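Heads up, the thing below is written out as structure tokens.
Read the numbers this way: they start at 1 and go in the same order the structure lists the ligands and their atoms. As a basis for the values below, the full set of heavy atoms in this structure was taken, side chains included, without hydrogen atoms, waters or symmetry mates. All of these numbers come straight from a predicted model, not from anything done at the bench.
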Amino acid sequence: MRAPGGFPVVGVVGGGQLARMMQTSAIELGIQLSVLAESPLASAALVVPSSPIGDHTDLEAVREFARSCDVVTFDHEHVPPAVLAALEADGVVCHPTRTALRYAQDKLAMRERLTRLGIASPRWATARTADDVRAFGDDIGWPIIAKTPRGGYDGKGVTLVANPEAIESIADWLDAVGSPGPLEHGVLLEERVDFARELAVLVARSPSGQGAAWPVVETVQTEGICTDVVAPAPALEPGLGALATEAALRIAGELDVTGVLAVEMFEVREADGRPGYRVNELAMRPHNSGHWSMDGAVTGQFEQHLRAVLDLPLGDPTPCAPWTVMANVLGGHDDRLYRAYRHIMARDPGVKMHLYGKGVRPGRKLGHVTVSSAHLEGARERARHAADYLEGVITE
Ligand code: ADP
């Protein structure tokens, strides 16, 4: 199994852009990556020589894949618990483990656990009937937010329930988002948090229990999709930065997370005027809110994830520049992305581009750009300009 030099094989289930970007760090470290990809054209399959094709829900395909790996990790959180249990029974080393991953797969389980740990969360409830929804809304005030416990991403699986009359539309919404079950199977209800902005705390934790945290970042979402990330979060009150980081490291420890953990949060004002946070959700893998770290920190999230899942000492997460801004490149209608390079590179030699080799579809994450600088506003403008130009939103 081991490559020459005793280097281990890290298996990644899922061939998306996260596995692809992990390959860059794996190459540098001499670690061999193997990816179970959904298709030969999957983003990672295009750059990882060992990319067997198989579906993450196919028990036998995943088992066979895992046999040739020293450790298995994940490109997304959609591997079914039964498949994870089978790997565990086979003695496969998985990071994160099935037990930890549950809290990134199931928002109801996550809410319940974080509430028990005393981590600040939006007020929430489980609803199985229209009466449950009405009772929650009447109790905490309309509008409220409803979420499918499983399978949501990029804001899919989240809806606003404006008032009691809108309860009837929940069934249609569950149908429309392809929810695994109807209302009777349980829907997560949350208060609509009146937040000042969205933050994310990215930490890594190794099986030995070592932890490392990058600075708290600000994430900007447009229609449920993350479009921009600013590292560190501008004008963050130091007390809140420390509180949020401590919460993320505590979650990593209590849930026994191994690898990178992203904790998405809302920044709020507490009743006494102090700044506070509410945890929105968890991701147990490298995360969009950490892409800035590839160019903007001593150790980027992909290298850190590899170190963590191999139980190697963690790298230094300190930023290399006062500010790094990341802007996502979303699919528009123009698929001639490469044509944009000449203009962007000529205009701004400091822009770093990361494209994922994916076909263009409206709204699809095709890549990202980063700009590191001593000047926040300049970095924001430069990163957004490059992303907009790649998307075809602007032409000069
Ligand atoms: P997904 O898992 O589909 O990405 P999230 O739970 O992250 O869904 O929600 C997507 C977006 O919806 C969030 O980034 C935030 O802007 C908004 N949102 C989610 N939950 C709440 C809430 N309780 N209050 C206010 N806004 C919310």
Side-chain angles (χ1 to χ4, degrees), residues 14 16-18 74-79 101-115 119-127 133 136-137 139-163 166 170 173-174 176-181 186-202 216-230 233 244 248 251 261-270 276-291 326 328 330 363-365:
Q17 64 259 24
L18 301 179
F74 309 96
D75 175 74
H76 52 68
E77 38 273 323
H78 307 309
V79 179
L101 209 46
R102 174 157 178 253
Y103 301 105
Q105 294 184 316
D106 184 333
K107 289 181 182 176
L108 282 169
M110 179 268 294
R111 281 273 168 263
E112 201 235 316
R113 185 74 196 268
L114 295 190
T115 304
I119 302 278
S121 305
R123 283 179 289 167
W124 66 279
T126 310
V133 182
F136 182 74
D139 181 26
I140 67 146
W142 302 90
I144 57 170
I145 305 267
K147 299 185 178 183
T148 54
R150 293 175 159 270
Y153 68 96
D154 286 348
K156 296 178 181 64
V158 175
T159 194
L160 188 83
V161 187
N163 47 45
I170 292 181
W173 164 72
L174 285 170
V177 295
S179 162
V187 163
L188 171 63
L189 302 179
E190 291 176 1
E191 67 173 306
R192 184 170 71 164
V193 178
D194 181 19
F195 56 82
R197 59 176 168 177
E198 299 191 48
L199 303 172
V201 192
L202 204 76
V216 178
V217 301
E218 175 177 341
T219 66
V220 181
Q221 332 279 326
T222 315
E223 288 165 18
I225 299 185
C226 171
T227 49
D228 303 80
V229 172
V230 183
I251 292 168
L261 165 72
V263 183
E264 294 181 33
M265 297 181 175
F266 303 123
E267 179 175 337
V268 297
R269 220 15 85 200
E270 302 292 3
Y277 70 85
R278 300 288 180 273
V279 170
N280 178 27
E281 66 171 341
L282 310 178
M284 294 180 195
R285 51 172 168 74
H287 188 253
N288 204 167
S289 64
H291 288 353
M326 189 251 17
N328 276 332
L330 303 180
R364 193 179 198 199
K365 283 180 188 163

Under 3.5 Å donor-acceptor, Asn280 side chain and Glu264 backbone:
no
Atom CZ of residue position Arg102 - does it have more than 12 heavy atoms of other residues, nucleotides or ligands inside 6.0 Å?
no
Under a 3.5 Å distance rule, please check whether Glu218 uses its side chain to pair with a backbone N or O of Val230 as donor and acceptor.
no
Under 4.0 Å between a side-chain nitrogen and a carboxylate oxygen: does that hold for Glu190 and Arg111?
yes
So does Arg278 pair up with Glu270, basic N to acidic O under 4.0 Å?
yes
Counting N and O atoms only, with roles assigned by atom type, does the side chain of Thr159 sit under 3.5 Å from a partner on the main chain of Ala146, one being a donor and the other an acceptor?
no
Close residues (non-hydrogen atom under 4.0 angstrom from ligand 1) work out to Lys107, Ile145, Lys147, Gly152, Tyr153, Asp154, Gly155, Lys156, Val158, Glu190, Glu191, Arg192, Val193, Phe195, Glu198, Gln221, Glu264, Phe266, Asn280, Glu281
